[in-house]
Every structure is written in structure tokens, then in C-alpha cells.
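Beneath this line is the structure, given in C-alpha cells, with notes to follow.
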Number of protein chains: 2
Amino acid sequence: MKPRTVQNAPPLDAAQWIEAAFDALAEGGIEAVRVDPLAKQLGVTRGSFYWHFKDRDALHQAMLRQWRERANYMIFNRLERSAESASQRLDRLLALPHATERSSRGAAIELAVRLWAQRDRNAAKAVRHVDRTRLTYFAKLLQQHGVPVVEARHRAFLFYAALMGEAWITTDNREAMRHGLRALLLAKP
Amino acid sequence: MKPRTVQNAPPLDAAQWIEAAFDALAEGGIEAVRVDPLAKQLGVTRGSFYWHFKDRDALHQAMLRQWRERANYMIFNRLERSAESASQRLDRLLALPHATERSSRGAAIELAVRLWAQRDRNAAKAVRHVDRTRLTYFAKLLQQHGVPVVEARHRAFLFYAALMGEAWITTDNREAMRHGLRALLLAKP
DNA sequence: CCCAGGCCATACACTTGTGTATGGTCCCTT
DNA sequence: AAGGGACCATACACAAGTGTATGGCCTGGG
């Protein structure tokens with residue numbers, strides 16, 4: 001009878017559904033990103049969802065597309081814009097997991113996507129792409145920092161692993177740890 | 001009328017439910033470990049489940065207890081039994097993710113537990129415990145290998161992170177990578 | 001002013017999952 | 001040879017989630 005309340009909330013678009021979907025993904029994995037709870041979370045009914053998306057799977061694919069882009073472009077472009085040295089950039093990257101609540105969400109999303117990728121071919125493809133991009137970027141930075149090519153690739157892997165480890169290996173004194181890592185990873189040969 | 005089929009399958013115990021639960025956990029996260037699917041998977045009805053466990057949450061807690069033990073004792077004791085040098089043990093640890101299907105399951109379980117730990121206090125506690133145990137063990141091995149105490153802790157973190165990275169960072173030429181990591185991580189100071 | 005289309009509520013039919021209550025087998029003991 | 005307990009099937013009541021069908025509101029362009 002009164003579909004949208006008198007004080008009209010601004011209408012939703014697909015992006016907001018996707019945002020809420022990432023929240024759910026971060027908390028419960030891909031199995032937890034369900035239409036009905038999302039609708040309740042957004043304060044609407046599923047009628048809205050099925051207008052923006054064909055079905056649940058369409059949402060999943062949209063999430064993958066977005067993750068695949070945001071996971072690289074956002075971070076790297078922002079990093080490249082500021083004119084710093086390679087080592088400064090590596091520093092800032094290492095300090096990244098520490099950031100805030102925001103990056104804790106990001107870490108959870110990373111976990112969830114990788115778990116998802118265990119049995120979903122599309123998710124696996126996205127993860128492969130993201131990993132390749134990041135690894136080659138890190139290797140490039142390390143080369144610019146003075147590390148020879150082959151070792152740069154190896155150390156890029158360590159760097160990447162340390163980045164993730166910082167995010168979800170629970171340990172005390174992260175501060176001290178980060179300094180040690182910095183020394184180990186960025187040592188000139 | 002004929003509760004258990006004539007050809008009696010051996011009766012289940014709680015352990016088998018937990019095993020199946022870990023399979024589900026590895027595939028879909030904690031949200032996917034549901035009673036009814038597990039029952040179908042095991043070829044019984046939920047009647048069995050609710051005899052062995054009070055409810056779904058009881059199963060979750062039992063899983064945590066088991067993970068917390070198996071994640072450390074099993075691996076380390078087996079490693080300690082064989083009389084090797086510290087560096088040999090570190091080598092074998094680094095080669096661990098490569099192993100088989102079996103360890104792919106283990107990696108997925110690790111992912112799922114850590115994702116779970118984002119919002120479950122008990123899971124978080126288990127992860128903290130496991131991480132502490134592993135990190136101190138790695139640090140001990142590295143000390144035995146000749147690395148001074150403080151750097152041993154830092155390098156143990158890198159070692160741990162690399163171990164996980166190997167398991168779930170998708171990259172080509174894992175073989176070459178592992179050799180590079182070995183050189184970087186086990187270099188004498 | 002009106003009406004087409006963007007956006008959403010409502011209702012309905014299923015499906016899947018949870019938990020409980022109860023009873024039926026089988027085996028092991030006494 | 002009972003009888004008790006381990007183990008599970010069955011049935012029931014309910015809750016939650018998925019899609020579909022349909023119609024209503026509300027805004028902008030002619």
C-alpha cells in the first residue's frame with residue numbers, strides 16, 4: 001500500500017548492494033552473502049535486489065569483478081601518484097595492514113575470497129590475476145630499490161607473504177615486528 | 001520401521017562428524033558447516049547428530065578444540081621425533097604446503113578458521129594460541145640454526161608468513177620460488 | 001499534466017535447515 | 001533371556017532463504 005515510505009530515502013543502486021555484500025563476505029564467507037539478510041541490512045525488501053540483479057550468482061560475479069579491480073588499481077594508483085622513492089613506497093605498503101578498521105575489513109575480504117577460490121573457478125581466476133599483478137609490482141619496486149632481478153622476484157614473494165601475514169597472523173608487538181621485517185626485506189644485497 | 005539397514009554400517013562416533021565438518025569448513029567456511037548436509041554426506045539422518053552433540057554450536061566448539069591440538073602437536077611432534085638438524089626441519093616445513101591434496105585441505109581449513117576468528121571470540125583465542133606456539137617453535141629452530149635471538153623472531157615471522165603464502169598465494173613456478181625462499185630465510189647471518 | 005519507466009513492497013510457492021520428541025534396532029552385559 | 005544403553009530413523013513444528021509474479025509509488029521529460 002505504501003511501498004516507499006513518505007520520507008523517501010534515496011533509492012539504492014547496485015553498488016550499495018555490492019558494498020553490503022562485501023560486508024557479509026568479510027564476516028561469514030561467501031556462503032553468508034545471502035539476499036534476504038542483505039535486504040534487511042539495507043532496510044529494503046528483496047524486491048529491490050531482484051530488480052538490480054538476476055539472482056544471487058549475478059551478485060557474486062559482480063563482487064568478483066569489483067574486487068579484481070579495486071584490489072589493484074585503487075592501491076597502486078594511489079601509491080604511484082605520490083612521487084616517492086621505491087623504498088618509501090615499500091615502507092608504506094608494509095605499514096598498510098596496521099591502518100584501521102577499514103583494512104581489517106579488507107583483510108577479512110581477502111581471506112574470504114581466497115577461501116571462495118578453493119571451489120569457484122571464477123574466484124580462482126580473479127585471485128590468480130590479482131596475485132600476479134601484485135607480485136610483479138612488488139618485484140618492480142624492489143628492483144628500483146637495487147635488488148637484482150631474480151632475487152627481487154623471490155623477495156617480492158616474501159614481501160607479499162609478510163604483508164598478508166601481518167594482516168592475519170595474530171602476534172603481539174606488531175610494531176617491533178614490522179621494523180624487523182623492514183630490515184630483512186629491504187636490505188640492499 | 002527399519003532404522004539401521006540390515007547390513008549394518010559401523011556406527012558413527014563424534015569424531016567422524018567432526019571430520020566431515022572440517023570438510024565442509026574447508027569448502028564453504030564456518031557458515032557452511034550445517035547439520036543437515038553433513039548428515040546427508042555421512043549417509044545418516046540428523047538423529048545421529050543430535051545424539052552426539054547438543055546442537056550446532058557444540059560441534060563448532062569441538063572443531064576448535066581439535067584444530068587447536070592437531071594444528072600443533074601433530075606436526076611438531078612428528079617433526080621432533082625424527083632426529084634431524086634444525087635446518088633440515090626448516091626445509092621440510094617449507095616443503096610442506098606442496099605436499100598433496102591433503103595439505104590443500106589443511107590450507108583451506110586455516111583460511112576458514114582465520115576468517116571465522118574475525119567474529120568468534122573462541123576461534124580468535126584458538127588462532128592466537130596456535131600462532132604463538134608456531135612462531136616460538138620456528139624461532140627456536142632458527143636459533144639452533146645459528147640465527148641470533150632477536151632476528152630469529154623476526155625471521156620466524158617471515159618464515160611463517162612464507163609458509164602460508166606458499167599455501168594460498170597462487171603463483172607459477174613454486175619450485176623455483178621455494179628454493180629462493182630457502183636461501184633468503186635460512187641464510188646464516 | 002501525465003505517463004513511462006525506475007525502484008520497491010507484497011504475496012505466494014518452494015526449498016533447506018534447526019531442534020525436539022519419540023520410538024525402533026542392535027549389541028553387550030548380567 | 002532379558003534388559004539396558006548406544007545409536008539412529010521418523011515425524012513434526014518452525015524459521016530462514018530463494019525466486020517469481022504483480023502491482024504500487026514517485027520522479028522526470030514531453
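Counting to the nearest Å, the C1' atom of dG23(D) and the CH2 atom of Trp51(A) are 16 Å from each other. Protein atom CG of Asp55(B) is 16 Å distant from nucleotide atom C1' of dA21(C), rounded to whole Å. For the pair Phe49(B) CZ and dG17(C) P, the interatomic distance rounds to 14 Å; values are reported in whole Å. When the C1' atom of dG17(C) is taken as reference, atom CD of Gln41(B) falls 16 Å away, rounded to whole Å. One can place CG of Leu42(A) at 15 Å from P of dC7(C), the figure rounded to the nearest angstrom. Remark: P of dG17(D) and NE2 of His60(A) are 14 Å apart, rounded to the nearest angstrom. The interatomic distance linking Phe53(A) (CZ) with dC8(C) (P) rounds to 11 Å, in whole Å. One can place CH2 of Trp17(B) at 12 Å from C1' of dC7(D), the figure rounded to the nearest angstrom.
In this structure, Arg114(A) pairs ionically with Asp131(A), as a charged nitrogen and a carboxylate oxygen lie closer than 4.0 Å. The existence of a salt bridge linking Glu19(B) and Arg70(B) is confirmed by a sub-4.0 Å separation between a basic side-chain nitrogen and an acidic carboxylate oxygen.
Atom CZ of Phe157(B) and atom CZ of Arg134(B) lie 13.0 Å apart (nearest 0.5 Å). In this structure, CD in Glu110(A) is found 11.5 Å from CH2 in Trp168(B), a value given to the nearest 0.5 Å.
Contacts with DNA chain D (heavy atom under 4.0 Å) in residues 30-40 of chain A: Arg34(A), Val35(A), Asp36(A), Pro37(A), Lys40(A), listed by number.
For His179(A), the side chain to side chain contact (heavy atoms under 4.5 Å, CB included) partners are Glu175(A), not counting sequence neighbours.
The Tyr50(A) side chain lies nearest to dT20(D) when the options are dT20(D), dA6(D), dT10(C). When each of dT10(C), dC7(D), dT18(D) is scored by its nearest atom to the side-chain atoms of Arg56(A), the top-ranked nucleotide is dT18(D).
Distances shorter than 4.0 Å separate none of the side-chain N or O atoms of His52(B) from OP1 or OP2 on dA6(D).
In this structure, Thr171(B) and Arg128(A) have side chains that are not in contact, with every pair of non-hydrogen atoms separated by 4.5 Å or more.
Among the protein residues, Arg46(A) comes within range of the nucleic acid bases, having at least one heavy atom under 4.0 Å from a base atom.
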### Message
Leu181(A) vs Arg178(A), test: side-chain contact (heavy atoms from CB on, under 4.5 Å). Steps then yes/no.
### Response
CA-CA 5 Å; Leu181(A) 293 189; Arg178(A) 184 155 41 240; 5.6 Å; no
